[in-house]
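Worksheet: the structure to be examined is printed underneath.
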Amino acid sequence: MQYWLMKSEPETYSIDDLHLEQKTGWDGIRNYQARNLMRDQMQVGDQVLFYHSNAKPPGVAGLAVVSQTGLVDPSQFDSSSKYFDPKASLEAPRWIMVEITYKSSFSHFVPLPDLRQQKELEGLMVIQKGSRLSVQPVSQQHFETICQMGGARV
DNA sequence: GCCAACGTTGGC
DNA sequence: GCCAACGTTGGC
């Protein structure tokens with residue numbers, strides 16, 4: 001089993017939205033590196049840290065689980081969507097997504113400055129300078145440390 | 001709102 | 001295939 005951190009702007013889609021919906025297709029990823037991780041690496045059952053980006057403060061809000069893989073992102077075909085991709089076709093879809101299912105919301109939101117301060121989290125991708133990738137692999141140790149900081153049972 | 005970091009595009 | 005220009009992300 002692998003561990004991931006997935007970023008979402010809470011004004012667009014927050015952990016509370018996921019809580020209400022229970023599951024969602026992770027659409028709108030338009031970065032090849034992130035897509036390739038979802039397409040090639042993610043497996044059903046993988047654990048996800050739900051990260052709020054562009055928030056005050058940004059940080060990890062809760063947990064989710066990968067519940068389906070290899071789904072075609074429908075927004076690439078929707079000309080009214082900001083994620084529309086004219087180069088994608090039904091025969092050759094370009095953007096692949098996964099579905100994630102809500103697991104829990106942290107009792108203690110873990111803000112980015114706290115992640116930076118934690119010695120055990122040295123090397124965590126999201127605390128590196130200029131770390132823009134919206135789907136990031138996380139080591140099991142880092143995952144467990146962040147769960148503890150958030151007040152979730154590992 | 002600023003801007004550093006980084007990805008993508010397109011001319012050559 | 002290089003790289004300058006441009007666009008986007010996302011912390012601050």
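Since the structure is predicted, the reported quantities are computational estimates derived from the model, not experimental observations. Proteins come first, then strands; the chains are lettered A, B, ... in the order of their sequence lines, and each starts at number 1.
Here R30(A) pairs with D73(A) under the salt bridge (charged side-chain N to carboxylate O under 4.0 Å, His left out) rule; sequence neighbours left out. Remark: Q41(A) engages Q2(A), W4(A), L37(A) in a side-chain contact (heavy atoms from CB on, under 4.5 Å) (not counting sequence neighbours). Under the salt bridge (charged side-chain N to carboxylate O under 4.0 Å, His left out) criterion, R94(A) pairs with D85(A), sequence neighbours left out. Every residue two or more places apart in sequence or in another chain was checked for a side chain to side chain donor-acceptor pair (under 3.5 Å) with D16(A), and none qualifies.
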Listing time: all N or O pairs from protein to nucleotides 6-11 of chain B that are below 3.5 Å?
residue : atom : partner : partner atom : Å
dC6(B)  : O2   : R132(A) : NH1          : 2.8
dC6(B)  : O2   : R132(A) : NH2          : 2.8
dG7(B)  : O4'  : R132(A) : NH2          : 3.2

Show the atom names and distances, to 0.1 Å, of all donor-acceptor pairs under 3.5 Å that link a side chain in residues 48-56 of chain A to residues at least two apart or in another chain.
residue : atom : partner : partner atom : Å
H52(A)  : NE2  : I15(A)  : N            : 3.1
N54(A)  : ND2  : E9(A)   : OE2          : 3.1

Return a table of donor-acceptor pairs under 3.5 angstrom between the side chains of residues 108-124 of chain A and protein atoms on other chains or two or more places apart.
residue : atom : partner : partner atom : Å
R116(A) : NH1  : I127(A) : O            : 2.9
Q118(A) : NE2  : E120(A) : OE1          : 2.9

Counting only pairs under 3.5 Å, give me each side-chain donor-acceptor contact of residues 96-104 of chain A, with atom names and distances, residues two or more places apart or in other chains.
residue : atom : partner : partner atom : Å
E99(A)  : OE1  : S67(A)  : OG           : 2.6
E99(A)  : OE2  : Q68(A)  : NE2          : 3.4
T101(A) : OG1  : S67(A)  : OG           : 2.7
Y102(A) : OH   : S105(A) : N            : 3.0
Y102(A) : OH   : S105(A) : OG           : 2.7
K103(A) : NZ   : Q47(A)  : OE1          : 3.0

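Its side chain within the 4.5 Å cluster rule, Y32(A) clusters with W95(A) among the Ile, Leu, Val, Met, Phe, Trp and Tyr residues.
Applying the ring pair (Phe, Tyr, Trp, His ring centres under 6.0 Å) test to pairs two or more places apart or on separate chains, those with a residue in residues 126-154 of chain A are Y3(A)-F143(A).
Taken residue by residue, residues 55-63 of chain A places no heavy atom nearer than 4.0 Å to DNA chain B.
In this structure, the side chain of S131(A) engages the main chain of M125(A) through a donor-acceptor pair within 3.5 Å.
Taken over five-pair windows at either terminus, the axes of the helix from dG1(B)-dC12(C) to dC12(B)-dG1(C) are inclined to one another by 10° (rounded to 10 degrees).
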